[in-house]
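In what follows, a single structure is set out as structure tokens and then discussed.
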Amino acid sequence: MRPAAIRNFLLLASSLLFAGLSAVPQSFSPSLRIGPGTACRLSRAESERRCRAPGQPPGGALCHGRGRCDCGVCICHVSEPGVFFGPLCECHEWVCETYDGSTCAGHGKCDCGKCKCDEGWFGDACQYPAHCDLTKKKSNQMCKNSQDVICSNAGTCHCGRCKCDNPDGNGLVYGKFCECDDRECIDDETEEICGGTCVCGECSCHDVDPTGDWGDIHGDTCECDERDCRAVYDRYSDDFCSGHGQCNCGRCDCKVGWYGKKCEHPRSCPLSVEESIRRCQGSSDLPCSGRGKCECGKCTCYPPGDPRVYGKTCECDGRRCEGLDGMVCGGHGTCSCGRCVCDRGWFGTLCQHPRKCNMTEEQSKSLCESADGILCSGKGSCHCGKCICSAEEWYISGELCDCDDRDCDKHDGLICTGNGICSCGNCECWRGWNGNACEIWLGTDYP
């Protein structure tokens with residue numbers, strides 16, 4: 001090819017390339033995955049950093065807790081009515097202001113949690129018309145509540161719609177007729193809104209306790225928490241104050257013959273409260289290892305009738321030998337005081353690992369690698385295709401040692417209340433137990 005022809009060819013090729021690139025959107029960025037289903041080219045830390053809102057520390061919620069992080073990109077999901085969107089799933093159209101049951105009063109569009117009003121309308125919920133065709137009499141009539149009071153004397157009437165007085169911008173006065181005043185829920189001493197949820201000026205204690213025992217919480221400002229009257233073992237019954245007293249706004253008034261913060265100590269006992277607890281503790285931080293009732297230095301183990309919990313201080317818990325499937329020591333060992341004694345050829349906390357392996361080292365490692373190519377997330381070793389998490393960090397768990405058991409809910413100072421297994425941040429309760437922290441006893445009878 002002649003030099004001139006070559007020069008013309010190169011000019012043509014470069015112009016075509018430039019035209020192709022100019023057609024690519026400016027927001028375009030190359031994929032961080034080499035191909036579909038392949039490993040991410042970002043480290044796990046960098047991927048999560050890109051999915052976290054600016055200013056959030058490591059460990060903060062990814063994608064605002066509304067999606068999953070895939071190689072530095074948020075894939076938003078829906079967990080309730082509405083739609084999540086935005087680069088970090090930060091927008092939720094369901095949270096826009098409503099008026100008279102309609103989002104943005106039907107006169108605007110919800111844009112990332114804020115109403116964008118149609119022309120001729122304004123207000124947080126686009127509820128006010130810019131021009132009013134109503135007479136003042138008609139307007140005031142439309143603003144009267146059921147007692148014929150205009151805007152409940154807590155706002156002004158604007159073209160048949162109430163504009164509530166909120167000089168501080170806190171939105172505590174609201175409602176179609178400004179009939180709700182959440183300032184009624186503010187505690188005079190602490191100047192804080194009630195411990196529960198304020199619903200139209202009245203405290204609702206329903207949301208205070210995530211365990212669902214909200215009936216134990218009451219008071220004008222949800223200040224009374226009868227859970228404070230429950231001893232550890234009271235959860236096995238409807239008792240308060242160890243069954244030896246009455247709970248009055250979170251404090252125990254003991255019956256004759258009993259004393260202690262939770263009426264747990266009989267006056268007939270020659271031991272002091274401190275000495276009684278010391279004898280019940282043994283090597284544990286909690287009396288009766290958190291699994292029984294201490295009276296006068298002696299433990300009665302719970303749950304009632306469950307032979308798997310025993311010992312002088314209830315230190316033996318055979319449930320710890322059971323996997324999520326209920327099998328004891330994986331079927332490859334016996335349980336001794338809550339610890340598995342493995343048969344020959346097996347090892348592990350639950351005797352789940354065979355000593356002999358039929359895999360090659362490459363096959364084994366391929367099953368232990370996380371998405372970023374790190375073996376067992378850098379927190380364990382690989383044996384026969386399964387990760388053995390570091391014993392030095394007791395809280396590390398999961399198939400790839402990628403879970404932190406400290407994320408599991410606690411109750412009475414114990415992870416999963418000692419009544420379940422922490423599985424990747426969630427409590428898996430043993431038979432007879434329920435609740436986020438396995439703190440609710442269902443009253444199951446044991447053989």
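Residue numbers count from 1 along this sequence.
Legend: residues meeting side chain to side chain donor-acceptor pair (under 3.5 Å) with R279, ordered by chain and number and at least two apart, are E275. Take D402 and apply the side chain to side chain donor-acceptor pair (under 3.5 Å) test, not counting sequence neighbours, and it matches no residue. Residues forming a side chain to side chain contact (heavy atoms under 4.5 Å, CB included) with C376 (at least two apart in sequence, or on another chain): C368, C382, C387, C401. For Y259, the ring pair (Phe, Tyr, Trp, His ring centres under 6.0 Å) partners at least two apart in sequence or on another chain are H265. Scanning for side chain to side chain contact (heavy atoms under 4.5 Å, CB included) contacts around S283 gives an empty result, with sequence neighbours left out.
Pairing of C351 with C329 by a disulfide is not supported, the SG atoms lying 2.5 Å or further apart. Across the pair C104 and C115, the gap between the SG atoms, which is the quantity tested here, stays under 2.5 Å. C180-C200 SG separation is under 2.5 Å; the pair is scored as a disulfide. For the cysteines C241 and C254, the sulfur (SG) atoms lie at a distance of at least 2.5 angstrom from each other. C63 pairs with C74 as a disulfide, the SG atoms being under 2.5 Å apart. Under the 2.5 Å cut-off for SG-SG separation, C416 and C438 do not qualify: their sulfur atoms lie farther apart than that. A disulfide is not assigned to C314 and C288, since their SG atoms are no nearer than 2.5 Å.
Nearest heavy-atom pair across D253 and C263 is C-SG, 4.2 Å. The minimum heavy-atom distance between C296 and L271, with the atom names listed, is O-CD1, 3.7 Å. Considering all non-hydrogen atoms of both residues, W258 and E264 come closest at CZ3-O, 4.0 Å. When every heavy atom of G67 is checked against every heavy atom of C89, the shortest pair comes out as CA-SG, 4.3 Å. V73 and C51 make their closest contact through N-SG, 3.7 Å (heavy atoms, listed as atom of the first residue, atom of the second, distance).
With contacts defined as side-chain heavy-atom distances shorter than 4.5 Å, the pair Q246/N248 qualifies. Considering only heavy atoms from C-beta on, K386 stays 4.5 Å or farther from L367 through its side chain. R319 has its side chain within reach of V309: a pair of non-hydrogen atoms, C-beta onward, lies under 4.5 Å apart. With contacts defined as side-chain heavy-atom distances shorter than 4.5 Å, the pair S390/I396 does not qualify. Side-chain contact between K176 and Y99 is present, with at least one heavy-atom pair separated by less than 4.5 Å.
When atom types are taken as modelled, the side chain of Q352 and the backbone of L350 share a donor-acceptor pair closer than 3.5 angstrom. The backbone N or O of S284 sits nowhere less than 3.5 Å from a side-chain atom of S289 that would complete a donor-acceptor pair. Under a 3.5 Å cut-off, the side chain of T98 and the backbone N or O of S102 do not form any donor-acceptor pair. Proximity of a side-chain donor or acceptor of Q363 to a complementary backbone N or O of E361 within less than 3.5 Å is not detected.
Atom OG of S276 sits about 10.0 Å away from atom CD of Q281, to the nearest 0.5 Å. From T360, atom OG1 reaches atom CD of E362 across 5.0 Å, with rounding to the nearest 0.5 Å. Separation of atoms CG (L62) and CD (E48) is listed at 5.0 Å; rounding is to 0.5 Å. Here the OG atom belonging to S377 is positioned 11.0 Å from the CD atom belonging to E399, to the nearest 0.5 angstrom. Separation of atoms OG (S364) and NE2 (H383) is listed at 7.5 Å; rounding is to 0.5 Å. Separation of atoms OG (S242) and NZ (K262) is listed at 8.0 Å; rounding is to 0.5 Å.
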Which side-chain N or O atoms in residues 335-348 pair as donor and acceptor under 3.5 Å with protein atoms at least two apart or in another chain?
none

Could you give me the CA-CA distance, side-chain angles and deciding distance for E369 and I374, then say whether side-chain contact (heavy atoms from CB on, under 4.5 Å) is met?
CA-CA 5 Å; E369 287 183 352; I374 299 177; over 6 Å; no

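Using a 4.0 Å cut-off between a side-chain N of Lys or Arg and a carboxylate O of Asp or Glu, R308 and D317 do not qualify as a salt bridge. Checked for salt-bridge contact, D111 and K109 miss the test: no charged N lies under 4.0 Å from a carboxylate O.
The closest side-chain donor-acceptor pair between D182 and Y174 falls under 3.5 angstrom. Side-chain polar atoms of N436 and D409 form no donor-acceptor pair below 3.5 angstrom.
By the neighbour-count criterion of 12 heavy atoms within 6.0 Å, atom CE of M327 is sparsely surrounded, having that number or fewer from other residues, nucleotides or ligands. Atom CZ of R355 has more than 12 heavy atoms from other residues, nucleotides or ligands within 6.0 Å.
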